[in-house]
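Below: one structure, written as structure tokens.
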Amino acid sequence: MSSNEMPKKILIILTSHDRLGDTGEKTGFWLEELAAPYYVFKDAGHDLTLASPLGGQPPLDPKSSADDFQTHATRRFNADGDAKAQLADTHVLSQMDATEFDAVFYPGGHGPLWDLVSDAHSIRLVEDFWSQDKPVAAVCHASIVLADAKDRNGEFIVKGRQITGFTNGEEEAVGLTDIVPLLVEDTLISRGGKYKKIEDFAPFIQTDGKLITGQNPASSEPVAIELLNILK
């Protein structure tokens with residue numbers, strides 16, 4: 001960050017939902033999708049505020065802690081006492097105000113398919129950031145948070161816009177097509193989004209004005225970098 005560039009205030013919104021349908025398994029947010037952007041923003045000198053519908057410690061999808069899914073960012077986060085303390089004490093979503101921030105970012109994981117998709121406070125915040133011409137970014141399953149947000153004309157924000165998110169093929173690959181309440185790809189297309197994707201689990205982002213979305217966990221860092229580019 002240059003000496004004349006002020007730190008930006010970025011709001012990161014996480015799920016509070018921890019049950020994977022009726023499977024008896026746990027879900028929540030995906031660690032890589034928080035950790036990678038967290039350090040992209042932090043290392044650039046910006047101020048981060050974490051929030052969730054219930055506040056406090058949001059649920060981590062235990063699968064995202066498996067050895068196979070660890071990256072430099074996740075290992076750094078797990079060893080970072082300050083980051084973990086901030087995560088354990090997220091603000092209550094309903095108390096957040098878009099006028100106090102420069103951008104909003106949503107990490108994914110399956111949790112948002114159950115809570116953030118229909119959370120009135122989340123939808124209001126997306127609409128407020130959008131109407132204030134501030135960047136709105138989401139990765140993987142979190143693209144679902146955009147589904148019911150509307151612009152000032154009452155149209156879905158995603159209508160006619162380039163967008164991506166976790167694909168039907170990726171959902172099938174993780175064996176949850178029949179478990180999740182809705183599919184990200186189908187839902188965004190149903191709202192009129194110009195949905196695009198590449199091969200499963202490859203990094204891919206879409207930018208349309210100040211709307212930035214990523215296809216999957218591998219896309220989380222590129223989405224964060226793109227968000228910073230737009231903030232500049």
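Considering CZ of F129 and CG of L211, their distance stands at 13.5 Å, rounded to 0.5 Å. Between K9 atom NZ and T99 atom OG1 the span is 10.0 Å, to the nearest 0.5 Å.
Ion pairing between D133 and K210 holds under the 4.0 Å rule for side-chain N and carboxylate O. Remark: R161 engages D208 in a salt bridge, criterion side-chain N to carboxylate O under 4.0 Å. Remark: K134 does not engage D128 in a salt bridge, criterion side-chain N to carboxylate O under 4.0 Å.
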Run the side chain to side chain donor-acceptor pair (under 3.5 Å) check on Y38 and Q86 step by step: do they pass? CA-CA 11 Å; Y38 184 91; Q86 190 176 12; 2.7 Å; yes
Assess the residue pair I163 and L146 against the criterion (side chain to side chain contact (heavy atoms under 4.5 Å, CB included)); give the C-alpha distance rounded to whole Å, side-chain angles, the decisive distance to 0.1 Å, and a yes or no. CA-CA 10 Å; I163 194 165; L146 305 165; 3.7 Å; yes
Given H46 and L228, is the side chain to side chain contact (heavy atoms under 4.5 Å, CB included) satisfied, shown in steps? CA-CA 10 Å; H46 300 301; L228 289 193; 3.5 Å; yes
Derivation and outcome, side chain to side chain donor-acceptor pair (under 3.5 Å), residues Q95 and H121: CA-CA 9 Å; Q95 296 171 359; H121 303 296; over 6 Å; no
Begin from the C-alpha positions of D80 and R76 and carry the test salt bridge (Lys or Arg N to Asp or Glu O under 4.0 Å) through to its verdict. CA-CA 6 Å; D80 185 338; R76 182 178 171 189; 5.3 Å; no
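In terms of heavy-atom proximity, C140 sits nearest to E33 at CB-OE1, 3.3 Å. Of all the heavy atoms in F201 and A173, the pair that sits closest is CE1-CB, 3.8 Å. The shortest heavy-atom contact between I198 and P203 is CD1-O, 3.4 Å. Considering every non-hydrogen atom in both D151 and I157, the closest pair reads N-CG1, 3.7 Å. For the residue pair A137 and L227, the shortest heavy atom distance occurs at CB-CD2, 4.3 Å. Nearest heavy-atom pair, Y195 versus E185, reported as atom, atom and distance to 0.1 Å: CE2-CG, 3.3 Å.
Note on ring orientation: taking the six-membered ring where Trp is involved, the planes of F69 and W30 are perpendicular (angle over 60°, cut-offs 30° and 60°).
With H141 as reference, L113 is the one residue of L113, V117, L183, T15 to meet the side chain to side chain contact (heavy atoms under 4.5 Å, CB included) rule. When each of L31, L20, V174, D68 is tested with K63 by the rule side chain to side chain contact (heavy atoms under 4.5 Å, CB included), just one qualifies, namely L20. The only option from Y106, F41, F101 that meets the side chain to side chain contact (heavy atoms under 4.5 Å, CB included) definition with I12 turns out to be F41.
Remark: the backbone N or O of T164 is paired with a side-chain donor or acceptor of T213 at under 3.5 angstrom. Side-chain atoms of S219 come within 3.5 Å of backbone atoms of F204 as a donor-acceptor pair (strictly under, hydrogens ignored).
A donor-acceptor pair shorter than 3.5 Å cannot be found between the side chains of Q215 and Q206. A donor-acceptor contact closer than 3.5 angstrom links the side chains of E171 and H110. Counting only N and O atoms by type, the side chains of T207 and E226 include a donor and acceptor under 3.5 Å apart.
Taking hydrophobic clusters as Ile, Leu, Val, Met, Phe, Trp and Tyr residues chained together by side-chain heavy-atom distances below 4.5 Å, V145 shares a cluster with V158.
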